[in-house]
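In listed order, ligands and their atoms are each counted from 1. As a basis for the values below, the full set of heavy atoms in this structure was taken, side chains included, without hydrogen atoms, waters or symmetry mates.
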Amino acid sequence: MLNLEGRVAAVFGLANKRSIAWGIAQKLQQAGARLAISYQNERMKAEAQDLIADLPGAEAFQCDVSNDEEIHHVFAQLKERYGKLDVLVHSIGYAPAEELKNDFVQTTRDGFRIAHDVSVYSLIALSRGAAPLMPEGGSIITLTYYGAEKVVPHYNVMGVAKAALEATVRYLAADLGKQNIRVNAISAGPIKTLAARGIGGLSDMLKAHADRAPLHRNTEQLEVGGAAVFLASEMASGITGETIFVDSGYNIMGF
Ligand code: NAD
Ligand code: 0WE
């Protein structure tokens with residue numbers, strides 16, 4: 001087991017116990033990290049706080065990443081509470097529901113803007129907030145999906161946003177490397193979370209994934225958490241700007 005004792009990790013994007021952020025938080029906590037966990041708004045507060053209360057040492061913070069003041073405020077709170085950060089996890093993505101139902105060619109200006117603002121720009125803003133709290137270096141991790149590379153029906157503007165997110169990981173890695181801050185993405189296979197549940201045909205997609213993947217099963221939140229612990233640890237000290245797949249091997253198959 002990798003050891004993250006003495007490390008502080010801030011995880012953004014907890015909605016409920018199915019969230020990938022929750023799988024990551026649990027694994028980081030088991031590895032010994034102190035956790036700050038952020039949820040979006042008052043609507044998410046009660047459920048998030050109940051979960052966080054069950055994770056020893058973890059504390060809850062609220063931040064809507066579409067609001068600059070809230071981002072500023074959460075990093076002021078993190079600085080005050082912990083004095084430093086070692087790990088930042090960005091597990092946030094959103095596009096207006098219609099954008100994932102209509103044909104891609106119908107993508108609206110507002111849908112495009114919101115998807116990129118919440119799912120991509122937020123990584124830049126959170127990284128800028130975190131970097132001054134990482135004077136000796138750190139590890140920044142975001143979550144992406146295969147729809148960035150290949151067309152997945154209905155993923156639409158989110159696929160374009162994930163492509164931009166993966167490019168953002170490379171540009172941030174190039175900037176922050178001089179501060180010994182590494183920036184990487186984990187590309188997770190499809191998982192039935194809140195952000196995936198409304199998707200028509202999700203069950204068929206999960207089944208096809210399990211059929212075709214080398215490991216012949218779906219991806220679990222805790223497996224994504226394991227990769228996050230690795231990327232957070234010294235064992236990944238030479239890895240930055242990368243997208244690592246945690247998808248039972250699905251992406252390597254040609255047919
Ligand atoms: P989730 O719904 O549990 O998490 C998404 C989170 O984004 C929620 O906590 C939500 O509150 C948060 N969020 C949305 N808008 C926000 C805003 N303005 N400010 C702050 N937070 C905001 O679903 P998830 O599947 O755990 O998604 C986490 C990440 O994993 C996303 O980036 C998603 O694209 C990615 N991902 C998911 C899958 C999957 O199949 N579930 C696969 C690969 C990648
Ligand atoms: O990144 C995601 C989820 C993205 C997402 C989902 C929603 C649903 C509710 C972003 N915004 C919203 N907005 C809502 O209003 N995934 C990787 C999961 C996912 O979403 C899909 C998928 C998969 C897989 C959408 C279409 C097709 C496949």
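- Contact annotation: Gly189 has at least one heavy atom less than 4.0 Å from an atom of ligand 1.
- Scanning all protein heavy atoms for the shortest distance to atom 41 (N) of ligand 1 gives Ile191 O, 3.0 Å.
- In terms of N/O distances under 3.5 Å, ligand 1 is approached by Asp64.
- The closest approach between Lys162 and ligand 1 falls below 4.0 Å for a heavy atom of the residue.
- Shortest contact from atom 29 (C) of ligand 1 to any protein heavy atom: Ser91 OG, 3.5 Å.
- The OH atom of Tyr94 sits 10.5 Å away from the OG atom of Ser66 when rounded to the nearest 0.5 Å.
- For ligand 1, the polar-atom distance check finds an N/O of Ala195 within less than 3.5 Å of one of the ligand's N/O atoms.
- Taking any N or O of Ile92, backbone or side chain, at least one lies under 3.5 Å from an N or O belonging to ligand 1.
- The N/O atoms of Thr144, backbone and side chain alike, include none that comes under 3.5 Å of an N/O atom in ligand 1.
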- Message: One pair to check against ring-ring contact (aromatic ring centres under 6.0 Å, His included): Tyr250 and His209. What are the steps and the verdict?
- Response: CA-CA 7 Å; Tyr250 180 88; His209 204 272; 4.2 Å; yes

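- Atom OG1 of Thr243 is separated from atom CD of Glu166 by 4.0 Å, given to the nearest 0.5 angstrom.
- Shortest contact from atom 24 (P) of ligand 1 to any protein heavy atom: Thr193 OG1, 3.4 Å.
- For the pair Leu55/Ile37, a side-chain contact is recorded, criterion being any heavy-atom separation below 4.5 Å from C-beta on.
- For ligand 1 and Val118, the ligand atoms under 4.0 Å from any heavy atom of the residue are 15 (N), 16 (C), 18 (N).
- Salt bridge status for Asp204 with Lys207: absent, with no side-chain N to carboxylate O gap under 4.0 Å.
- Per-residue contacts place Gly93 under 4.0 angstrom from the following atoms of ligand 1 (heavy atoms of the residue considered): 7 (O), 31 (C), 32 (O).
- The shortest N or O to N or O distance between Ala188 and ligand 1 is not below 3.5 Å.
- In this structure, Ile252 and Pro214 have side chains that are in contact, with non-hydrogen atoms separated by less than 4.5 Å.
- Without hydrogens or angle criteria, Asn218 side chain to Leu206 main chain gives a donor-acceptor distance under 3.5 Å.
- Nearest heavy atom pair, residue Ala188 against residue Val224, reads CB-CG2, 3.9 Å.
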- Does the pair Thr108 and Glu99 meet the rule for a side chain to side chain donor-acceptor pair (under 3.5 Å), with working shown? CA-CA 8 Å; Thr108 65; Glu99 303 294 339; 2.6 Å; yes

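- The proximity of Leu14 to ligand 1, defined as any non-hydrogen pair under 4.0 Å, is limited to the backbone.
- Those atoms of ligand 1 with a heavy atom of Pro190 less than 4.0 angstrom away are 40 (O).
- When side chains are defined from C-beta on, His154 does not count as touching Phe104, because their heavy atoms never get closer than 4.5 Å.
- The closest approach between a heavy atom of Cys63 and any atom of ligand 1 is below 4.0 Å.
- Shortest contact from atom 26 (O) of ligand 1 to any protein heavy atom: Ile20 N, 2.8 Å.
- Scanning both residues, Leu202 and Ala196, for their nearest heavy atoms gives CD2-O, 3.4 Å.
- Remark: minimum distance from atom 3 (O) of ligand 1 to any protein heavy atom is reached at Ser19 OG, 2.6 Å.
- Nearest heavy-atom pair, Asn184 versus Gly241, reported as atom, atom and distance to 0.1 Å: OD1-N, 3.2 Å.
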- Task: Begin from the C-alpha positions of His216 and Ser248 and carry the test side chain to side chain donor-acceptor pair (under 3.5 Å) through to its verdict.
- Result: CA-CA 7 Å; His216 293 297; Ser248 309; over 6 Å; no

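- Tyr145 and Tyr155 have perpendicular rings, their planes meeting at more than 60° on a 0 to 90° scale where under 30° would count as parallel.
- Against a heavy-atom cut-off of under 4.0 Å, Gly13 is close to the following atoms of ligand 1: 4 (O), 6 (C), 8 (C), 9 (O).
- Between Ile181 and Leu88 there is no side-chain heavy-atom pair separated by less than 4.5 Å.
- For atom 30 (O) of ligand 1, the nearest non-hydrogen atom of the protein is Leu143 CB, 3.4 Å.
- Any N or O atom pair closer than 3.5 Å counts here, and Gln40 shares at least one such pair with ligand 1.
- In this structure the side chain of Ile140 reaches within 4.5 angstrom of the side chain of Leu123, judged on heavy atoms.
- With hydrogens left out, the protein atom closest to atom 19 (N) of ligand 1 is Val65 N, 2.9 Å, a heavy atom.
- Only the side chain of Met44 comes within 4.0 Å of ligand 1, judged by heavy-atom distances.
- Counting heavy atoms from C-beta outward, Ser187 and Asn251 have side chains that stay 4.5 Å or more apart.
- Between Lys27 and Glu223 no salt bridge is recorded (no basic side-chain N to carboxylate O distance below 4.0 Å).
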Pairs under 3.5 Å, N/O atoms on ligand 2 and on the protein: can you put them in a table with the distances?
residue  : atom   : partner : partner atom : Å
ligand 2 : 1 (O)  : Tyr155  : OH           : 2.7
ligand 2 : 11 (N) : Ala95   : N            : 2.9
ligand 2 : 11 (N) : Ala95   : O            : 3.3
ligand 2 : 13 (N) : Ala95   : O            : 2.7

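- Taking every non-hydrogen atom of Ala15 and a distance limit under 4.0 Å, the qualifying atoms of ligand 1 come out as 3 (O), 8 (C), 9 (O).
- For ligand 1, none of its N or O atoms has an N or O atom of Ala196 under 3.5 Å away.
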